[in-house]
Each structure stands twice: as structure tokens, then as C-alpha cells.
Amino acid sequence: MSEQLKSIMDAKREDLYTLKTHAHGPKGTLPLTHEMLMHSPSGNLFGLTQNVGMGWKPSKLTGKQVLILGTQGGIRAEDGTPIALGYHTGHWEIGLLMRAAAEEIRSHGGVPFAGYVSDPCDGRSQGTTGMFDSLPYRNDAAVVLRRLTRSLPTRHAVMGVATCDKGLPAMMVALAAMHDLPCVIVPGGVTLPPTYGEDAGKVQTIGVRYAQHELSLQEAADLGCRACATPGGGCQFLGTAGTAQVVAEALGMSVPHSALAPSGQPIWDEMSRQSARAALALEAQGFGMKDILTDQAIENAMVIHAAFGGSTNLLLHIPAIAHAAKRKVPTVQEWNRINQRVPRLVSVLPNGPDYHPTVRAFLAGGVPEVMLHLRQLGLLNVKALTATGETLDTVLDWWESSERRYTVRKQLKALDGVDPDEVIMGPERSRTRGLTSTVTFPIGNIAPEGSVIKSTAIDPEVVDEDGVYRQTGYAKVFTSEEEAIAAIKDGKIHAGDIMVLIGRGPSGTGMEETYQITSALKHLSYGKYVSLITDARFSGVSTGACVGHVGPEALAGGPIGKLRTGDKIQMVVDRNRLEGSIDFIGIGEEEFTPEEGAKVLAERELHPDLQADPKLPDDTRLWAELQSVSGGIWKGSVYDVDKIIEVLRAGKAALAEKSARA
């Protein structure tokens, strides 16, 4: 016997071969009736056998069954210490919320079930090939979550517990499709910022700042150690995770004042119990998701997104939720209309003007506090139904005079010395402080189908007095993020440059996030003077003059894929009117009009180095094609089954005709 095999197989356990070949089984009898045996599917009957086999008391089997789906990751000991790590803090404490919900359901005579579909971490996969699976994961997880829901035919309601960038949107997309079932989202909350240190967004730039001699090795090591100051919850900034939580509440899928709660604390734990009671109440009233996720609810979510200054990634996720709910999918024009009407009222990371962590937004009153201001302005559909079974109007009436509102806002002042009205502002104060609307959709000969910029997050120092950002400069074109970040670290990017990153859309990389680049530009001393244009997307914490979602993408023949280093580009973004343009206007010293530039680009070949990333997984290649024929990123990167079947049938017919001719 080899020493290796011996080390693997030898066990020093005296009980190893103490075996049984049969057991008495659970005590008691199933609560069967004549009607059940005559008419119930065999699966329902066998389900009761399975339930008692797992230890549930036979006498407690007749309660309403509630399925709790979560994105739990890792293995925690009873004292919270790790036995096996999760991918991120966002799903590390999800099991505690699921347990609280289950206990609440059980206390009301219900029968809770639990299932898990864990989620990745966009921060962990930044700059790696793991990012190629990030956005496609959302669709995959939503499919699995829907399958798990349908695979428990006896469930009466569903609760979805999730926190972060892809897990929470996947959960919302999945539950949005459960039209006749009552469903409630339990957001996983936020981690606390370190008392002394940097937030989880800024700390992701320690590598590039060290390379540029703006941090020492010891400083980088210390800052990196402390950034996630508590072990659970999403990042401390209003990125995609925080924005998704806010949107879930705005849609009416979550109970009031649940988004952005501090993970692991009593108010967070109780939120899960409140959500369980809400799920049971919705079931008792006969409400399903079709009653909550209306066109009016979708618009409310867009309004709240604008008021918070949320992540541009929700421009991918809200349309996907609407598609799953079989509601009207918002267009770019509708996003623009709402952003022109709705004032930004929230001052948090990463937008500012004051960089408060998201826990302060929660203590300032969170979503309901913002909604109070928006209701006064007549910008909300207040008759929309919420997870409580009550209308939004009724919820806001309760919030306005609630002890909860008074107490949390008072706590913010007592704990951090921060006026809650400086975190969530009224419209007049917001105007005085210079808060601008969230997103602009530049078009031009580089982006004829459109693009997105989080215009509210452009550094005010580079914006002209009339509120317009203007830059004309020469392109430095890259076909990989690795190449682009190396150029920054090696000092090859300078103030005034316009970085162009191509081939990183759905067909190239699964539409990767490029936070490595945007965060580097944000936190380098000269970064505010550098712009970025790409067919990729950005992290929710990204800031600066960064234009993404450029369409058509380079690998679909888009003009962005024909740009070359040295091309002259003009960028104009009006942060007040929410209008913008990005145009190719010259080569070297030669200049021409945008119309002439469009003709030059039309005659050019694609960039010689442009190609799909060689490491792009087949799974993502398939996702890219399916979402492309379903309307692409402006439709939410969804799977439109009818359209996919139509294209497949047309393709099969064309192939058959070609074969017959051969």
C-alpha cells in the first residue's frame, strides 16, 4: 500500500464500522385523508413521507408551506467563525436571515422549506476571467431558482433572500415570473465601514495606487485588511448590490425600510421576520406577484433609481425584471424622461457630494424617506401594492409618523453626528448642494445605438460652469482590460487621454465589468482628467467620465470597433439637460465634422486585434447569442423564448434549404 493512499484512506475512528442496516423510522402517522389518497398526486403524498423523514413532526405537516430561497455561501460554525469561506460577505450571513424567516413561519403554524443557489462576487472576479461569467450568471441563476420553485408544487408562498450584484437581481427576475404566487424579497443588508480605513470600493485600487507610488506596501496591507469591517452584508457604497436592494423595495417586493440594513444586527434580523409575516399575509389575501409587479411598480423603481443615483447596471436588471413579470419593458427614452423629471436626493458613496456609507442612508430613513419627498412632488404611483398587502400610499402614511422613522434618524445623529437631512435631502436642499440627475445616454458616430454614463458621478472639478463636461482628446485603444490596466500602472496614460476599450461587450467577454480601470482613474491624482469609452459595463461604484454599454458592440460591427490609437474624439455630456454625444472627429491634426467622421468609420475595417477573448467560456458564448436575438442589453440581456424559437426555426429551415440545394 502506498504511503499516499494510506494517508488518504486510513481513519483513526473506533465507531467507523459500527453500522446499521435498518431503522424504526419516524414515530406517528401521516395526517392523510380519504380525499388525499383518492385525488392527490403521488408526489404530494411522497412529499409528506420525505418531510417526516427529515424530522418534521407528522402532527405539524398541515400548515401552509413557504419556500425560502437564499444565496447562502460558505460554512459557518455556531459562533460565526468560518469552517469554509464563502465567496463574499454578502452571502456569508444569509443563512441567519433564512433561519429567522423559517422560525417566524413555523411560529405561525407554517411549514418552511429552504433551498440555495449561491452567487459569485464581482469584486473578487475583477480583472480575471471569472468576470466572463458575471452577467450571464444572473440568467442561469434565475432559471435554477424558478425550477426550484416549480419543483415544490405544494408551496403557498416564496421568500427570496439575497444581497449582492448578481444574486439579488437573479432572485428578483426569478420571483417576478411567479405571477400567481405571493413572493417577498429579503435584502441581505450592508457591511459596516471600518472606523479607520477605506471602503470596499476604494480598497480595490490598492494595486494601481501602489504601482503609482501613491501607497506604501504597509499602507496597502493595512487598508486591505480592514475594509470589510463586519463579516456580512454587501459593500458600503451604493453600487449594484445596494441599488438592487433599493430597487427591490421600490418595486414593492420587500417590506418597508428593509434595503441597506446593517447586517447581523437586531433590526436586520427582525426585517426577515417581518418579511415572513408579509409573505403569509399576502397568501391569506390571495395576492400574487402579478398584483405587485405592475407597470406602475416598474416606473416607481426607475424613479427611485434616479433619486438615489443608482448603479447603471440596474439599466440591465430592471428591464429583465419587467420582462419576467410580463410587463412593459422600459426604453432608453423612458429612462431619459424619468431622469429629467426626478431630482437626485441621496448623498452617499460613490456619488457624493458627501461620501456617506450606505448604512447612513438606512439610518436617514432609506427608501421610504426618499419616497416621502417624491410623493410630495407627485412623482410616485402611490396606489401600487407593496409586499405588506397595503398600497404605497398607506405605507408612506405609516412611515411619516412612525416611531421607527423618528428613532433611526435620531440614532444617525447620536452615533455619527450626521444630520439625516444631509444624507437624504429635500428637493430644495438637493438643488442648493448641486446634486444632478443620475444617468445620461450619449449618442454619436461612435455609439449610434446609444451608450450610458453615470453623469452625476463625473468629478465636478472637470465640469464647466454651465454644467457641461467637455473633452476633446486623442484615443488610446485597447482590446483587453489587462492591456489597459497595465498601461495605467506603467504610466502610459496621461491627463487628457481618452481610453477606448473595445471587444468587451457580450460577444467578447460576456460584457465584463471594468472596475479595475474606472476605480484606478477615480483614485489616481490625475484620473479625473482621463475619460473612458467601452462596449463593456461598469461596476456600480464606478465614477468619472466613463461611457459604457456602447452599441452596437465592437464585435457586432459597431463603429467603436473601428477606432485606432491617435483618433481624435469629442465628448460632451450635459449633466443638467441629460444630453450627450461621443464622436470621432479627426485623425492627428486633421479634423472633420461628426457626419464626416461617420463616413470615415463606415469605410474602415475593424481593429486588427479585435476578437472575442480566447478564454471566453462556451456557456457565455451561448448566453451572448441568446440574449442578442432577444433584444440585447437594451432589453435587459434576457431570454425571449418566442424570439429565440423563431430564430432557431428560421435557421433550421435555411440549413435544410441549403442542404437540399447541395
Side-chain angles (χ1 to χ4, degrees), residues 71 73-74 85-92 94 117-142 162-173 187-191 199-208 224 227-228 232-247 310-317 320 349-350 358 452 454 481-482 485 501 504-506 508-520 522 534 536-543 546 548-549 613 615-617 619-620 623 633 637:
T71 56
L85 292 169
Y87 284 49
H88 52 97
T89 62
H91 64 205
W92 179 246
I94 287 293
V117 178
S118 197
D119 57 344
C121 175
D122 281 0
R124 187 180 289 273
S125 60
Q126 291 292 343
T128 76
T129 55
M131 185 51 68
F132 299 172
D133 290 290
S134 171
L135 184 55
Y137 161 88
R138 185 206 64 186
N139 291 30
D140 297 343
T163 305
C164 284
D165 294 36
K166 298 303 172 299
L168 181 49
M171 191 70 76
M172 288 193 283
V173 170
V190 298
T191 188
D199 68 89
K202 186 174 182 178
V203 82
Q204 292 181 49
T205 69
I206 54 177
V208 73
C228 296
C235 295
Q236 307 104 330
F237 47 80
L238 192 73
T240 306
T243 307
Q245 294 187 34
V246 164
V247 162
S311 163
T312 55
N313 279 321
L314 271 295
L315 274 68
L316 293 164
H317 301 319
L349 286 162
T358 42
V452 175
K454 195 174 184 181
E481 188 189 20
E482 182 181 16
I485 200 70
L501 180 61
R504 315 314 280 179
T509 65
M511 202 179 185
E512 65 180 348
E513 277 188 358
T514 57
Y515 182 60
Q516 263 202 125
I517 299 173
T518 59
S519 62
K522 169 69 175 178
T534 181
R537 60 191 176 90
F538 303 128
S539 164
V541 73
S542 294
T543 60
C546 303
H549 300 217
D613 195 288
K615 297 179 181 177
L616 188 68
D619 301 322
T620 300
W623 165 85
I633 60 172
S637 293

Backbone N or O of [Y] within a donor-acceptor pair of the [X] side chain at under 3.5 Å?
X	Y	value
Thr163	Gly90	yes
Gln236	Ala200	yes
Arg138	Ser637	yes
Tyr515	Gly201	yes
Thr243	Ser311	yes

Whether His88 and His91 hold their rings parallel, tilted or perpendicular, with breakpoints at 30° and 60°: tilted
What are the two closest heavy atoms between [X] and [Y], and how far apart are they?
X	Y	answer
Phe132	Glu512	CE2-OE1, 3.6 Å
Ala244	Met172	O-CE, 3.7 Å
Arg537	His549	CB-NE2, 3.5 Å
Ala142	Ala170	CB-O, 3.7 Å
Ala536	Thr514	CB-CG2, 3.7 Å
Leu616	Gly508	CD1-O, 3.7 Å

Distance-only side-chain donor-acceptor flag, Ser134 / Asp122, under 3.5 Å: yes
Hey, does [Y] have a side-chain heavy atom less than 4.5 Å from the side chain of [X]?
X	Y	answer
Leu349	Thr358	no
Asp140	Trp623	no
Tyr137	Asp619	no
His317	Leu135	yes
Cys164	Asp119	yes
Gln126	Ser519	no

Point-to-point distance, once rounded to the nearest 0.5 Å, from [atom1] of [X] to [atom2] of [Y]:
X	Y	atom1	atom2	answer
Gln516	Ile485	CD	CD1	4.5 Å
Thr620	Asp133	OG1	CG	4.5 Å
Leu85	Trp92	CG	CH2	6.0 Å
Ile94	Thr89	CD1	OG1	10.0 Å
Ile517	Leu501	CD1	CG	5.0 Å

Check against salt bridge (charged side-chain N to carboxylate O under 4.0 Å, His left out), Arg504 and Asp613: CA-CA 8 Å; Arg504 315 314 280 179; Asp613 195 288; 3.2 Å; yes
Criterion side chain to side chain contact (heavy atoms under 4.5 Å, CB included) on Thr509 and Met131, from CA distance to verdict: CA-CA 8 Å; Thr509 65; Met131 185 51 68; over 6 Å; no
Partner set under side chain to side chain donor-acceptor pair (under 3.5 Å) for Thr534, not counting sequence neighbours: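 Checked Thr534 against side chain to side chain donor-acceptor pair (under 3.5 Å); zero matches.
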